[in-house]
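All values reported here derive from a predicted model rather than from experimental measurement. Proteins get letters first, then strands, A, B, ... in listed order; numbering begins at 1 in each. The figures that follow rest on heavy atoms only: side chains count, while hydrogens, waters and symmetry mates do not.
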Amino acid sequence: MSRTRGRGRRILSAVGIASAAALAISGCSGSPSGGASAGGDVTLEFAQWWEPELPQGSLASLIDQFQKENPHIKVKLLSSPFSSDQQQMVADAASGQLPDVLGLDGAWVSDFAKQGAIADLSPLLKADNFSEDQLASEVKVNGKAYMIPAVNFVYPLFVNNDLLKQAGVDTVPSTRGEFLDAAKKISALGGNVKGWALPLDTAVPNGIQNDVMSWVWASGGSMLKDGEPDVTNAQVKSGVDYVKSLYDANVLAPGALTMKEQDKVEKFTNGQVGMVIDSLAHISLIKKNNPKLNFTIAAVPSEDGYTGKRGIPYASWGVGVSAKSEHKAEAAKLVEFLMSKDTNAQLSTLANGFPGNKTATPDFSKSDPLFKQAFDIYQAGYPANEFVGLPKSDQLQRTFDENLQKTLTGSQSVDQTLSTVQSAWKSIF
Amino acid sequence: MNLSSTNVHRPGTIRSSAGPRSTRPKAPAVRARKLVPFAFVSPTLALITLLTVVPILMVAGYSFMDNVIVEPNPVFVGFANYVKVLSDPTFLTALGNTFVFITLSTVVHLVLGLAFALLLNTPLLGNVTKAIFRVIYILPWLFTIAVIAIVWRLMLDPSGVVNYLLGTFGIQGADWLSTPETALGSVTFINIWSGYPFFMISLLAALQGVPTVLHEAARVDGAGWWQRFLYVTLPHIRPVIISMAVLDLIWTSQQFALIWMTTGGGPLNATEVVSTYTYKQAFSNFDFSTASAAAVIVLLLTMALAFFYVRQQKVRD
């Protein structure tokens, strides 16, 4: 009996330990953000999606350089793919566990700022005498700078030279009229070839900023007035009218309503579409998948007769600092390092993007000549993406997308679409 | 001490064989013995509590608060989120689409699965032929949802294989996934294609359990194929059919990845289902309270199905 009792106790103990272990494994074991200090050293956590997208070891090598310059600061890189980064950040922000330094996308800034999860960068940079004048742009919410775009990726017009030539078009379209004409001629070639591709998948509705609003920005238009929605203005109406005219002219690759961005790139790469507005980051991918494709890039066409500067859509790798960080001064040092002239030029070169520091010049000597061409387009115009810094950017675009689909399929006029979007956006702002 | 033999042979006299000294065992020993079963189940209980009960309670709690997670100080708002969700036309559309999607999927899964199972169970085919067809029929079930979505997106592309094949027969193809009229039918078709083998395998196992003597007796009594199927086969496999149908309704109602990767709920909400609606509310609109309310509604609907499943299982037992 005593043996039984002893065994029972042992079983109880073992089960108790197992339960405790299960609880410990399943439960939260997170540590507060900000690194532990040991011997006066500070360890910063830097969460971003950049490392998997850069050449292997290149970001770590830049960080090594930072650590040499700042021997008391250690940096721990927390890298994850872009697709999972935002959800991770939302969860971290909710639990007050955001890493000290963050890679940010412009679309996330407003929500994080309103949540009080990210810090105003201006006082931190001023305290260290870092001049904000050298920055190409800052993303602000209520006048406070929460994100600095470190590298910008522009979205120019990609043109298939061979299809253009076959269609009898001599020059790359520069105005909306020329673009429509070229798109019609390319579509007339037949054999499943179309002039343009418009991805309107609502799962990831970024086709609105990249492929629709880009027509408005390229002609100096805006969808905002004093920071508030203004989508019923003449410039936006003209842009949406133009997109509808392209749809009605049957020059779009079929399947636009559920087309994804990667479908657009594939169709251009396969020669099924003559022209697309696409990220410069895709040049390497297109050339890898179809080395024989003869294509060039140009500025997005503007309204006929427009002579002003052209806005060119862009996406950024932004950088920010957690409001809960215990080491904001050290975090600011890392931000300054990434935005310094030389480091920023190196980072841009590695990423095949354009620098967020106005004084930095990327090294194009080893890059595709198209990057140099894109840099010239970028410098001739101005980066334009009005969705950056707006609240619930995805939702804004999805609302626009769903209403635009109604217009394209003929169940709603352009005016109805724009007024519906205007009211919906007003309720979100 | 052989507790099991004591318990089995002399119910009601459990302590008699343990001798006079054990008729009044010490209290701590009894307590410890009573606790042992609980100790054995405690790891499972702890995990179920942590991984299921706590998240469900948290989500239910969120659904009564004003925009949790993104608001630092959410406040209690009662049923406001439920009213918001239930009065949202998109949610009602999603509910309708979900109903069509799961009903059609389950019915066709059942019909196709049963038809193929009957084919594979026929004595008219040789074993090698049956084995070859088993492999062919089960193939769709071996692919992951991501692969299925990519393959069918390519095949149903306006310039894809399906339209090409239709064109060779002089039939005009369609923009299957991007036209509101055909999108829901197309994703339902893909779901049916990917899911029928599970029905087929389960029903085949059930068919193989039907005693041959009953068929032989029915044949002697003059029953034809259809009568034998109706009065011998079907009653035997009915419990499996009902279980599979209820499980399939539950599983299909949770289908998210296939729709997200093929249409994203579009075009014009034609394929929006409750799972995609909830995901968009949470991870696109960051409206976690509304998403929680939608999730709780889905949970209640799924629990109703689960209730029928459990009741059916109890009847079987």
Side-chain angles (χ1 to χ4, degrees), chain A residues 1-2 4-5 7-9 11-16 18-23 25-27 86-87 90-91 93-96 108 111-112 114-117 192 200-205 253-260 263 267 270 272 391-395 397-398 401-402 405-406 409 411 428, chain B residues 1 18 21-22 25-26 28-29 32-33 35-36 38-47 49-51 68-72 90 153 156-159 163 174-180 183 259-272 276 279-288:
Chain A
M1 201 64 190
S2 64
T4 311
R5 205 162 64 204
R7 196 188 303 151
R9 278 181 184 161
I11 290 168
L12 273 174
S13 310
V15 169
S19 307
L23 281 166
I25 292 164
S26 310
Q86 185 181 15
Q87 289 170 24
V90 170
S95 59
W108 314 343
D111 298 314
F112 283 153
K114 284 181 183 166
Q115 210 177 329
N192 285 334
L200 288 179
D201 175 45
T202 50
V204 185
L257 303 192
T258 52
M259 187 183 285
K260 297 175 188 294
D263 299 331
K267 284 181 185 295
N270 297 335
Q272 289 179 318
K392 299 184 177 178
S393 174
D394 261 12
Q395 193 182 352
Q397 293 190 61
R398 182 169 294 115
D401 195 336
E402 288 169 353
Q405 292 196 14
K406 287 182 187 168
T409 50
S411 59
I428 294 170
Chain B
M1 187 169 73
R21 292 182 67 186
S22 60
K26 288 177 183 174
R33 203 160 50 195
L35 282 174
V36 166
F38 294 102
F40 276 117
V41 296
S42 64
T44 309
L45 279 178
L47 284 173
T49 306
L50 271 170
L51 302 177
V68 284
I69 296 182
V70 291
E71 291 289 338
T90 311
R153 272 184 68 83
L156 293 176
D157 188 90
S159 317
N163 279 358
D175 294 356
W176 300 103
L177 291 169
S178 51
T179 306
I259 292 173
W260 192 250
M261 285 191 269
T262 49
T263 61
L268 295 167
N269 296 329
T271 60
E272 190 82 291
T276 53
Y279 182 87
K280 283 176 186 173
Q281 292 297 325
F283 293 106
S284 182
N285 300 350
F286 299 113
D287 196 345
F288 289 94

Which heavy atom in [X] sits nearest to a heavy atom in [Y], and how many Å separate them?
| X | Y | answer |
| --- | --- | --- |
| A/Gln405 | B/Leu268 | OE1-N, 3.2 Å |
| A/Arg398 | B/Asn285 | NH1-OD1, 3.9 Å |
| A/Gly255 | B/Pro158 | N-CG, 4.0 Å |
| B/Gly264 | A/Ala203 | CA-CB, 3.6 Å |

By a 4.5 Å heavy-atom criterion (distance strictly below it), what part of [X] contacts chain B: side chain, backbone, both, or neither?
| X | answer |
| --- | --- |
| A/Lys267 | side chain |
| A/Ser411 | neither |
| A/Asp401 | neither |

Problem - Validation row: B/Asp157, A/Gln272 side chains within 4.5 angstrom (heavy atoms) - result: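 They are not in side-chain contact.
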Problem - Side chains of A/Gln395 and B/Asp287 in contact at under 4.5 Å (non-hydrogen atoms) - result: no
Handout entry: Most chain B-contacting option - heavy-atom pairs closer than 4.5 Å, from A/Thr409, A/Val204, A/Ile428, A/Asn192
Key =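 Most heavy-atom pairs under 4.5 Å with chain B: A/Asn192.
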Calculate, to the nearest 0.5 Å, the distance between atoms [atom1] and [atom2] belonging to [X] and [Y] respectively.
| X | Y | atom1 | atom2 | value |
| --- | --- | --- | --- | --- |
| A/Thr258 | B/Asp175 | OG1 | CG | 8.0 Å |
| B/Arg153 | A/Asp263 | CZ | CG | 4.0 Å |
| B/Leu177 | A/Met259 | CG | CE | 12.0 Å |
| A/Asp394 | B/Phe286 | CG | CZ | 7.0 Å |

